[in-house]
**Q** 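I have a structure here, written as structure tokens, and I will follow up with some questions on it.
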Amino acid sequence: MSTDDLERIFQRAKQGKALFKDREVLTPDYIPARLPFRDAQSSAIAEVLAPVLHGSKPSNLLLYGKTGTGKTAVARYVLSKLKEQTDTQDLTTVYVNTRLANTEYRTLAELGGTLGLKLPFTGLSMGELLSRVEQEIQARHTRVILVLDEIDYLVKNSTDEILYGLTRSNEQLSPGFLSLVGISNDLQFKESLDPRVLSSLSEEELVFPPYTVTELQEILAERAGLAFRKGAMSSSAINLCAAIAGSEHGDARRAVDLLRISGEVAEREGLEQVDDESVRKASAKMEQDRIDEALRSLPIQNKAILLASSRFPSGTNTGELYIAYNNICKRSGLEVLTQRRVSGILAELDLLGLVEASVVSQGRRGRTKRIRLLIGLDKLEKILAEDPTFEAINRT
DNA sequence: CCTCCACTGGAAACCTAGGCTC
DNA sequence: GAGCCTAGGTTTCCAGTGGAGG
């Protein structure tokens with residue numbers, strides 16, 4: 001890229017009018033001043049939590065709904081309003097996303113951290129950790145409302161030990177108490193839960209239906225009004241955003257993301273207005289970015305397996321791929337994993353949408369996974385070439 | 001209708017790297 | 001330092017299986 005190119009980019013940025021008024025409004029962390037179409041849910045949660053204001057313990061609460069239906073936003077919104085009502089120190093609200101926290105341990109540690117405890121990354125037993133947190137709550141006479149977002153993830157990836165512990169400590173604490181608000185994307189996660197935990201956790205339940213396309217349109221229009229300058233966003237572009245996001249299960253978060261990226265695309269191209277074309281480009285870009293990012297952040301072994309599957313443009317099966325994978329490992333000095341593990345990694349790659357690995361039966365010739373690469377060869381090679389491990393191979 | 005392939009996928013055990021307490 | 005904890009990735013072991021070819 002020459003300096004001329006750079007100049008042209010900057011020049012265009014200077015000339016083109018800034019389309020955004022306040023980009024923040026379209027970031028995932030933004031909590032809107034008002035949540036359209038969620039009044040019923042907001043007030044239901046408020047009803048459940050209200051007792052905390054005169055010192056009694058609210059029921060535990062479970063929120064259900066698919067991604068982007070506003071569960072998290074509503075929960076945080078109500079919590080922040082609740083906070084405004086109490087000026088005392090004795091109400092602590094904690095929000096933990098268990099998927100980001102990743103493990104039971106880190107979830108609890110995060111709770112402890114918000115309470116002001118200093119906890120190590122690892123090393124304590126779960127029991128020890130729990131009792132430390134309990135002690136802190138008692139010592140402070142504090143009331144805690146703990147929001148566990150994506151709680152299904154926690155249950156799926158470990159036991160429900162922590163939930164059991166938390167619901168139990170609930171009963172034992174005094175003074176002070178701990179109320180739980182669980183948020184789940186998965187409507188069936190209840191089935192994998194210990195019945196004791198379930199009955200305690202879901203004293204109250206609330207379901208969030210997906211947004212309809214018309215609802216999305218209104219939400220987006222409102223956000224767009226705050227985020228963009230007047231006239232910088234065509235209404236047909238808003239409708240297109242709503243339609244694209246709506247066709248993917250009424251996910252409001254993705255709709256808002258799409259809106260923001262459309263704006264960025266249009267701004268970069270020096271347009272006066274975000275049009276349908278920008279939205280389409282943004283939509284394609286989001287999909288592309290998702291794949292690139294998934295590829296880049298893959299562990300080395302997963303990359304090696306992808307590389308192996310790229311040797312078979314018309315698809316292959318586990319056994320054949322394992323042989324190719326073995327070759328690649330030998331040539332790049334990589335440790336060779338067992339076939340069992342490779343099979344597991346293939347399932348992971350399938351989940352990421354990088355590879356299609358479906359189990360097929362070939363009668364006499366056994367059962368195996370039919371494996372097909374779902375990403376472009378050139379793209380894969382380009383990104384994997386960034387990894388020094390595969391240098392030797394790429395040259396041949 | 002039966003066989004038997006080439007795996008699948010569950011379960012448990014193992015290993016490493018971290019950290020605690022005494 | 002000994003003896004205990006955890007996470008997370010891996011290996012080991014193995015019972016289970018869909019369906020083409022007999």
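Per chain, numbering begins at 1; letters A, B, ... match sequence-line order. Worth saying up front: this structure is predicted, and the values here are computed from it rather than measured. Both backbone and side-chain heavy atoms feed into the values below; hydrogens, waters and symmetry mates do not.
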**Q** Nearest whole angstrom, please: distance from the C1' of C:dT10 to the CD of A:Q339.
**A** 15 Å
**Q** Identify, with sequence neighbours excluded, every residue that meets side-chain hydrogen bond (donor to acceptor under 3.5 Å, both in side chains) alongside A:D257.
**A** A:R260
**Q** Strictly under 4.0 angstrom, non-hydrogen atoms only: write out the protein contact profile of nucleotides 17-22 of chain C, one letter per nucleotide from the 5' end, B, S or -.
**A** BBBBB-
**Q** Considering residues at least two apart in sequence or located in another chain, which fulfil the salt bridge (charged side-chain N to carboxylate O under 4.0 Å, His left out) criterion with A:E348?
**A** A:R341
**Q** Please list, in numerical order, the residues of residues 317-326 of chain A that have a heavy atom closer than 4.0 Å to any atom of DNA chain C.
**A** none
**Q** Quick check against the 3.5 Å criterion: does A:N326 have a side-chain atom that pairs as donor or acceptor with the backbone of A:Y322?
**A** yes
**Q** Is NZ or CZ of A:R38 both nearer than 6.0 Å to the six-membered ring centre of A:Y211 and within 45° of the ring axis?
**A** yes
**Q** Using a cut-off of 4.0 Å on non-hydrogen atoms, how would the nucleic acid contact of A:V342 be classed: base, sugar-phosphate, or nothing?
**A** nothing
**Q** Salt bridge or not for A:K66 and A:D251, using N-O below 4.0 Å?
**A** no
**Q** Do you know the tightest heavy-atom contact between A:P210 and A:E215?
**A** O-OE1, 4.2 Å
**Q** Between P on C:dG8 and CG on A:L337, what's the gap in Å once rounded to a whole number?
**A** 18 Å
**Q** Strictly under 4.0 angstrom, non-hydrogen atoms only: write out the protein contact profile of nucleotides 9-14 of chain B, one letter per nucleotide from the 5' end, B, S or -.
**A** BB----
**Q** Figure out the CZ/P separation between A:R341 and C:dC13, and round it to whole Å.
**A** 18 Å
**Q** In chain order, what residues pass the salt bridge (charged side-chain N to carboxylate O under 4.0 Å, His left out) check against A:E356, with sequence neighbours excluded?
**A** A:R372
**Q** Parallel, tilted or perpendicular for A:F20 and A:F228, by the 30°/60° rule?
**A** parallel
**Q** Between A:K379 and A:D292, does any side-chain N to carboxylate O distance fall below 4.0 Å?
**A** yes
**Q** Can you tell me the distance, in whole Å, between the CD1 atom of A:I345 and the C1' atom of B:dT8?
**A** 16 Å
**Q** Suppose we call two aromatic rings close when their centres sit under 6.0 Å apart. Are A:Y64 and A:F208 close by that rule?
**A** no
**Q** Using modelled atom types and a 3.5 Å cut-off, is there a donor and acceptor pairing between side-chain atoms of A:E272 and backbone atoms of A:A232?
**A** no
